[in-house]
Each structure stands twice: as structure tokens, then as C-alpha cells.
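Index from 1, following the sequence.
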Amino acid sequence: LPYINKDEPIACYKKFNPSYPFYLKQKIIKLESIESIKDFLQSHPNACVISTSKSLQDANYSEFAVKIFEQKDVFENRTTVILKNKLTKN
């Protein structure tokens, strides 16, 4: 999980791998809309949002976020995606 800054809040959009809160040892904020992702990343420019490729399939986030990671989960049938603020993706 090198892409995730544990000193920043972490959010999820719709579905995500349920093991992340355990491994990150942190509460993950649940977001329900694309607008809430935008607001979260504007409020926390160095934070990230965890989701799945299926959840983001029809979402238009390219104006404010960039996909920095995408990989199939080892023991799941989903692909994890991590988004960061487009202006502070490093």
C-alpha cells in the first residue's frame, strides 16, 4: 500500500476490499457520490479514495482526480482502484 499516505484521511467510494481498514489501521470514510469524492479531495489534497473499477466504470472524475493504482485483488473478484487529487497526485 505504498500509494496511500496513512497520515491523511482515507475514503472509499461505493465498494472496496474490506481488508483495507485492517491493514491501514484506520477508519475509512464512506463516500456515496462523485461530487462527494470531489469535495473530499479538495478538502484533503493529499488524501486518496479507494474504490473498484466496476464502481468507477461510469463515473466521470477526470476533472479533479487521477487513477494512480489499479490491480486485481488477490482473493476477490474485483479490481481495486486508488484515486488521488489531480493537482497533487505525487
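Rounding to the nearest 0.5 Å gives a distance of 9.5 Å between CD of Q26 and CD of E8. The CD1 atom of I4 sits 14.0 Å away from the CG atom of N46 when rounded to the nearest 0.5 Å. Rounding to the nearest 0.5 angstrom, the gap separating the CD1 atom in I82 from the OG atom in S51 is 10.5 Å. Between S36 atom OG and I29 atom CD1 the span is 10.5 Å, to the nearest 0.5 Å. Atoms NZ and CG, from K84 and N5 in turn, are 6.0 Å apart once rounded to the nearest 0.5 Å. Atom OG1 in T52 sits 11.5 Å away from atom CD1 in I50 (nearest 0.5 Å).
Remark: F40 engages H44 in a ring pair (Phe, Tyr, Trp, His ring centres under 6.0 Å) (not counting sequence neighbours). With sequence neighbours excluded, no residue forms a ring pair (Phe, Tyr, Trp, His ring centres under 6.0 Å) with F64.
Within the 4.5 Å cutoff, the side chain of I37 has no heavy atoms near those of the Y61 side chain. Between T80 and Q71 there is no side-chain heavy-atom pair separated by less than 4.5 Å. Counting only heavy atoms from C-beta outward, the side chains of K25 and K6 never approach each other to under 4.5 Å. Side chains of K54 and R78 form no contact here, defined as non-hydrogen atoms less than 4.5 Å apart. L56 places none of its side-chain heavy atoms less than 4.5 Å from the side chain of V49.
Using modelled atom types, no side-chain atom of K86 and backbone atom of E63 make a donor-acceptor pair closer than 3.5 Å.
In this structure, Y20 is a member of the same hydrophobic cluster as I68, with clusters built from ILVMFWY side-chain heavy atoms closer than 4.5 Å.
Between L41 and A47, the shortest heavy-atom contact is CD2-O, 3.7 Å. Here the closest heavy-atom approach between residue T79 and residue E70 is recorded as CG2-CG, 3.5 Å.
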Side-chain donor-acceptor distances from residues 9-17 under 3.5 Å, at least two apart:
{"residue": "N17", "atom": "OD1", "partner": "S19", "partner atom": "N", "Å": "2.9"}
{"residue": "N17", "atom": "OD1", "partner": "S19", "partner atom": "OG", "Å": "2.8"}
{"residue": "N17", "atom": "ND2", "partner": "D73", "partner atom": "OD2", "Å": "3.2"}

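Counting non-hydrogen atoms of other residues, nucleotides and ligands closer than 6.0 Å to NZ of K72 gives a total above 12.
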